[in-house]
Amino acid sequence: MNTQEINKRIRLVMDLRHKGITDMNVLGAMERVPRDYFVPAAVKDQAWDDMALPIGRGQTISQPLVVAMMTQALELSDMDKVLEIGTGCGYQTAVLSHLCRRIYTIERHKPLQVAAQTRLEELKLRNVTALAADGMKGWPTMHGIDQAPFDKIIVTAAARNNPPQKLIDQLKIGGKMIIPVGGEDGQVLKLYKKDSVETTSVKDVMPVRFVPLLPDIAPDDMSEDVA
Ligand code: SAH
């Protein structure tokens, strides 16, 4: 890493502190994960700026502040098993992988999922399991094995009204889920806590703008995704 690159990383971390990220573990993970590695060549120059960037197939890599806020809100422990919906390029996954025991991540665009999995393997982040599927249905039972319930769930695409019931079902009692909720007229990042089998409490974190959470695996022609 050259001096210029180190400076860019330090500048981003200082920017995040300034904007309200106080958890030192989260700041450490944000400094460690090479964001430039996750973005297309055309926008590499902006990789260390605090802004969302395009990653192809009409999707975006989230703004670093939003990644850090969502991660901080989950209050992760290194014992946590985490479910992530919306792998995208895998950047948020990489940040989480430094802060929890194991992460299961789902993306509905097969080409994005394959590229993200390759990046995560190249970075030797071995506590990640990635899957191309519809994350609204939660993590599927595979070979007779259930990974649910999860200690924490993070959704990085916006639910129209409420979080999918299947995700609430897969959350451990006492577990937390962070998810943007709302439509084109505005979304709010919400933190849900599952208090019992039937009750959840919710807290607003910040206004955000995410791509929508959509059902099913994306068709190859992407017809439904292009705005
Ligand atoms: N987490 C990414 C941001 C991804 S953008 C980051 O680190 O920057 C949101 C992603 O959610 C998109 O790639 C989109 O295809 C995906 N998505 C939307 N609905 C989904 C669903 N039902 N299941 C899985 N992924 C979904």
Side-chain angles (χ1 to χ4, degrees), residues 12 26 29-30 32-40 43 46-74 82-99 103-117 119-120 123 125 128-140 152-168 170 177-183 187 189 208-227:
L12 175 64
V26 174
M30 298 293 296
R32 240 167 114 183
V33 176
R35 192 168 184 255
D36 48 337
Y37 193 66
F38 290 85
V39 303
V43 293
Q46 289 134 279
W48 291 96
D49 295 341
D50 186 24
M51 58 197 282
L53 296 167
I55 55 169
R57 292 188 70 99
Q59 309 304 317
T60 50
I61 177 171
S62 304
Q63 183 190 350
L65 176 64
V66 175
V67 171
M69 272 296 177
M70 292 178 89
T71 310
Q72 178 168 272
L74 285 177
V82 178
L83 173 65
E84 178 189 41
I85 310 304
T87 319
C89 62
Y91 175 69
Q92 169 85 70
T93 321
V95 172
L96 294 167
S97 85
H98 289 297
L99 300 167
I103 165 146
Y104 295 83
T105 185
I106 307 180
E107 168 57 51
R108 68 188 285 280
H109 281 272
K110 180 82 180 162
L112 292 181
Q113 187 270 328
V114 170
Q117 185 168 347
R119 282 187 202 102
L120 296 163
L123 290 175
L125 300 174
V128 179
T129 308
L131 182 71
D134 174 5
M136 289 167 86
K137 298 189 181 127
W139 191 267
K152 309 282 162 66
I153 298 181
I154 177 167
V155 185
T156 63
R160 195 85 186 83
N161 300 306
N162 295 301
Q165 183 58 43
K166 190 73 198 173
L167 297 182
I168 295 176
Q170 290 201 340
M177 168 160 55
I178 187 98
I179 177 169
V181 178
Q187 300 164 2
L189 195 56
V208 283
R209 262 188 65 180
F210 275 86
V211 297
L213 192 60
L214 296 171
D216 306 321
I217 278 267
D220 279 347
D221 64 5
M222 296 174 22
S223 45
E224 61 183 15
D225 282 301
V226 180

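Heavy-atom basis, side chains included; hydrogens, waters and symmetry copies ignored. Model, not experiment: these values are computed from the prediction. Atoms within each ligand, like the ligands themselves, are counted from 1 in listed order.
- For the ligand labelled ligand 1, residue Pro212 lies inside the 4.0 Å heavy-atom shell.
- Those atoms of ligand 1 with a heavy atom of Thr156 less than 4.0 angstrom away are 1 (N), 3 (C), 4 (C), 5 (S), 9 (C).
- Side chain of Thr87 to main chain of Ile106: a donor-acceptor pair is present (N/O by atom type, distance under 3.5 Å, no hydrogens or angles).
- Near His109, with a cut-off below 4.0 Å to any heavy atom, the atoms of ligand 1 are 15 (O).
- For ligand 1, the atoms closer than 4.0 angstrom to any heavy atom of Ala157 are 11 (O), 18 (C).
- Counting atoms of ligand 1 from 1 in the listed order, those under 4.0 Å from a heavy atom of Ile85 are 23 (N), 24 (C).
- Residue Gly86 approaches ligand 1 through these ligand atoms, each under 4.0 Å from one of its heavy atoms: 1 (N), 2 (C), 4 (C), 10 (C), 11 (O), 16 (C), 25 (N).
- Only the side chain of Val211 comes within 4.0 Å of ligand 1, judged by heavy-atom distances.
- Judged purely by atom type and a 3.5 angstrom limit, Arg35 has no side-chain atom pairing as donor or acceptor with the backbone of Trp48.
- Among residues two or more places apart in sequence or in another chain, the side chain to side chain donor-acceptor pair (under 3.5 Å) test is passed with Ser62 by none.
- Of all the heavy atoms of Arg108, the ones lying under 4.0 Å from any atom of ligand 1 are found in both the backbone and the side chain.
- No part of Pro215 comes within 4.0 Å of ligand 1, judged by heavy-atom distances.
- Around atom CZ of Arg209, no more than 12 heavy atoms belonging to other residues, nucleotides or ligands sit under 6.0 Å away.
- For ligand 1, the atoms sitting less than 4.0 Å from at least one non-hydrogen atom of Gly135 are 21 (C), 22 (N), 23 (N), 24 (C), numbered in the order shown with element in parentheses.
- Every atom of ligand 1 is numbered from 1 in the order shown, and the set under 4.0 Å from a heavy atom of Gly88 is 4 (C), 13 (O).
- Using modelled atom types, one side-chain atom of Arg108 and one backbone atom of Asp216 make a donor-acceptor pair closer than 3.5 Å.
- Using a 4.0 Å heavy-atom cutoff, Thr87 is listed among the residues neighbouring ligand 1.
- Considering each of Glu107, Glu84, Met70, the one bringing a non-hydrogen atom nearest atom 13 (O) of ligand 1 is Glu107.
- No side-chain donor-acceptor contact under 3.5 Å links Thr71 to the backbone of Val26.
- Neither the backbone nor the side chain of Thr93 comes within contact range of ligand 1; no heavy atom lies under 4.0 Å.
- The closest donor-acceptor contact from the side chain of Gln170 to the backbone of Trp139 lies under 3.5 Å.
- Applying the 4.0 Å criterion to heavy atoms of Gln92 picks out, from ligand 1, the atoms 1 (N), 7 (O).
- A donor-acceptor pair is defined here as one N or O able to donate and one able to accept, closer than 3.5 Å; such a pair exists between the side chain of Gln187 and the backbone of Phe210.
- Under the side-chain contact (heavy atoms from CB on, under 4.5 Å) criterion, Lys110 pairs with Gln113, Val114, Ala132, sequence neighbours left out.
- The shortest heavy-atom contact between Ile153 and Leu167 is CD1-O, 3.2 Å.
- Ligand 1 does not have Gly90 within reach: every non-hydrogen atom of the residue lies 4.0 Å or more from it.
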